[in-house]
Amino acid sequence: SPETKEHFACVYDCYGDSYTVDTDMVQLKEVFSRMNNVG
Amino acid sequence: EMKVIRIHPVSDPHTTYFLQISWQKDLGTGFEVVLSDGKAAWNGRVSKEEISKEAADMEMDLEKYVGELRKVLLFEGGHADTYNFHISKEGMNKDYLQFSYEKNLKDVSFRLGSLMLQEVSSPAEIISKLISHCLDCMAGLEAKNECLQRENETLLSDLNDIQGQLQKCVEAKEKLENELYQRFILVLNEKKAKIRSLNKSLKEAEEMVKKSNQAR
Amino acid sequence: EMKVIRIHPVSDPHTTYFLQISWQKDLGTGFEVVLSDGKAAWNGRVSKEEISKEAADMEMDLEKYVGELRKVLLFEGGHADTYNFHISKEGMNKDYLQFSYEKNLKDVSFRLGSLMLQEVSSPAEIISKLISHCLDCMAGLEAKNECLQRENETLLSDLNDIQGQLQKCVEAKEKLENELYQRFILVLNEKKAKIRSLNKSLKEAEEMVKKSNQAR
């Protein structure tokens with residue numbers, strides 16, 4: 001829903017990485033793996 | 001070129017004969033034949049013309065015929081027992097011996113060639129040369145062996161080196177990936193901490209604005 | 001075991017002789033000698049005791065002496081011209097021949113051994129066996145050659161494969177590094193954009209607080 005979308009936009013960047021929660025190896029790999037054909 | 005092979009003629013199966021063929025470059029240009037049983041020796045020659053005539057008589061393509069000669073006289077391509085040799089000393093002239101060679105297919109065999117060989121007056125020299133030729137071949141083969149052996153060892157050590165390098169490269173790749181992730185996480189978490197603190201400050205500032213507006 | 005070598009005795013330098021040595025496992029346990037010039041053949045035997053006695057007479061360690069025998073009689077370790085052979089048929093008995101072998105150092109030579117060889121009544125068989133032995137050695141060497149050749153080809157192709165894999169691994173490592181940096185930059189820049197926008201909002205909020213306080 002737009003609200004949820006709004007909420008996610010505040011909490012996560014467009015790659016799905018949280019703005020405020022510290023990341024770790026697993027999570028960062030997860031974020032990178034979703035970012036295919038970066039170029 | 002020269003090649004020595006051991007034969008057991010059908011006509012004299014218990015005796016080992018040594019057949020020495022020598023030729024220039026291509027067997028089809030003619031060849032010398034020496035036959036010996038270790039005591040006596042006979043020699044003869046087959047000319048280029050006789051080879052062509054023989055092929056024509058058999059209506060066989062010359063190239064194919066020379067290929068057959070290489071198989072029967074030089075043992076080329078391994079010697080399935082598809083070839084036989086015949087020796088007969090029954091001729092009028094005791095100094096001559098008839099030597100023939102044939103190919104046997106399933107139930108029929110056809111003669112590939114035959115020639116008269118003349119007994120050599122001093123077989124010792126011929127036999128000595130034949131043995132010398134064998135020893136030279138052995139020396140050549142041993143030298144080739146050593147060279148191949150050395151090549152083998154070099155290749156094996158190169159292979160081990162490269163395998164080591166590949167192993168190192170794989171490890172380096174994993175190490176690089178881990179290190180980069182470690183660094184990325186540190187920098188990223190710094191930024192996230194900054195965002196958290198800015199969020200907190202912003203929240204406080206908005207609170208103050210609200211209060212200040214209320215107070216006013 | 002058996003080994004055939006070609007020798008040119010000092011006492012008969014223009015004649016090529018073939019020396020065939022056969023022994024069980026260790027040469028030091030005694031060996032058979034066959035000598036042939038391609039026409040006649042002589043044979044004899046050296047026993048274990050005679051070998052030990054010979055070594056003792058020369059006050060040489062038995063092991064070292066057997067090592068010398070391997071060099072002179074089997075051509076082991078290449079045959080620098082440090083060894084000579086002597087043949088003499090002058091003995092009383094025509095059927096016997098004295099065969100001796102010696103080592104020459106700079107200006108002196110000492111005899112390593114000698115023995116009486118008896119002429120063989122049917123040399124053809126001996127010579128035939130000697131030639132057969134050479135042909136068997138050649139066949140064995142050729143087989144070994146082929147096997148080494150095949151091994152070489154396998155090693156070469158393995159080496160090429162591994163080199164290809166190494167090349168790929170190096171490229172993959174570089175590619176990985178680039179991709180990780182690119183991804184990291186994107187994610188990091190999102191955080192920086194966020195920080196910029198938070199800074200901006202915070203600044204605006206602080207402005208508002210200031211204004212609101214002034215207004216009050």
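We name chains A, B, ... by the order of the sequence lines, and we start the count at 1 in each one.
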Partner chain B: residue of [options] with the largest heavy-atom pair count (under 4.5 Å):
| options | answer |
| --- | --- |
| C:Lys144, C:Glu174, C:Met208, C:Lys203 | C:Lys144 |
| C:Glu206, C:Gln149, C:Lys192 | C:Gln149 |
| C:Thr16, C:Leu180, C:Asn213 | C:Leu180 |
| C:Ile126, C:Thr15, C:Val187, C:Leu176 | C:Leu176 |
| C:Cys134, C:Ala205, C:Gly140 | C:Cys134 |
| C:Ala40, C:Ala124, C:Ser122 | C:Ala124 |

Could you state the interatomic distance from [atom1] ([X]) to [atom2] ([Y]), rounded to the nearest 0.5 Å?
| X | Y | atom1 | atom2 | answer |
| --- | --- | --- | --- | --- |
| B:Gln163 | C:Ile162 | CD | CD1 | 4.0 Å |
| C:Asp161 | B:Leu166 | CG | CG | 11.5 Å |
| B:Leu198 | C:Lys200 | CG | NZ | 14.0 Å |

- Task: Return the orientation label for the B:Phe184 and C:Tyr181 ring planes: parallel under 30°, perpendicular over 60°, tilted otherwise.
- Result: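 Perpendicular.
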- Which atom pair, heavy atoms only, marks the closest approach of C:Leu141 to B:Met138?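 Heavy atoms only, the tightest pair is CD1-O, 3.7 Å.
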- Which heavy-atom pair separates C:Lys173 from B:Cys169 by the least distance, and what is that distance?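 Reported closest heavy-atom pair: CD-O, 4.3 Å.
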Side chains of [X] and [Y], heavy atoms from C-beta outward: is any pair under 4.5 Å?
| X | Y | answer |
| --- | --- | --- |
| B:Ser132 | C:Phe18 | yes |
| C:Ile127 | B:Lys39 | no |
| C:Asp136 | B:Arg6 | yes |
| C:Asp37 | B:Ser128 | no |
| C:Ile5 | B:Leu135 | no |

If you count heavy-atom pairs under 4.5 Å between each of [options] and chain C, which one has the most?
| options | value |
| --- | --- |
| B:Lys211, B:Glu125, B:Gln165 | B:Gln165 |
| B:Ala215, B:Ala41, B:Ala139 | B:Ala215 |
| B:Val209, B:Leu148, B:Asn199 | B:Leu148 |
| B:Leu130, B:Asn152, B:Leu202 | B:Asn152 |

- Message: For C:Lys94, I'd like to know if atom NZ has over 12 heavy atoms of other residues, nucleotides or ligands within 6.0 Å.
- Response: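 More than 12 within 6.0 Å, yes.
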- Is the number of heavy atoms from other residues, nucleotides or ligands under 6.0 Å of B:Glu171 CD greater than 12?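 Atom CD in B:Glu171 is crowded, with more than 12 foreign heavy atoms closer than 6.0 Å.
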- Message: Name the residue from B:Leu155, B:Asp158, B:Leu159 that meets the side-chain contact (heavy atoms from CB on, under 4.5 Å) definition with C:Asp158.
- Response: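 Per the side-chain contact (heavy atoms from CB on, under 4.5 Å) rule, the option paired with C:Asp158 is B:Leu159, out of B:Leu155, B:Asp158, B:Leu159.
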- Item | C:Ile195 versus chain B, the contacting section by heavy-atom distance below 4.5 Å |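 For C:Ile195, heavy atoms of backbone and side chain both lie under 4.5 Å from chain B.
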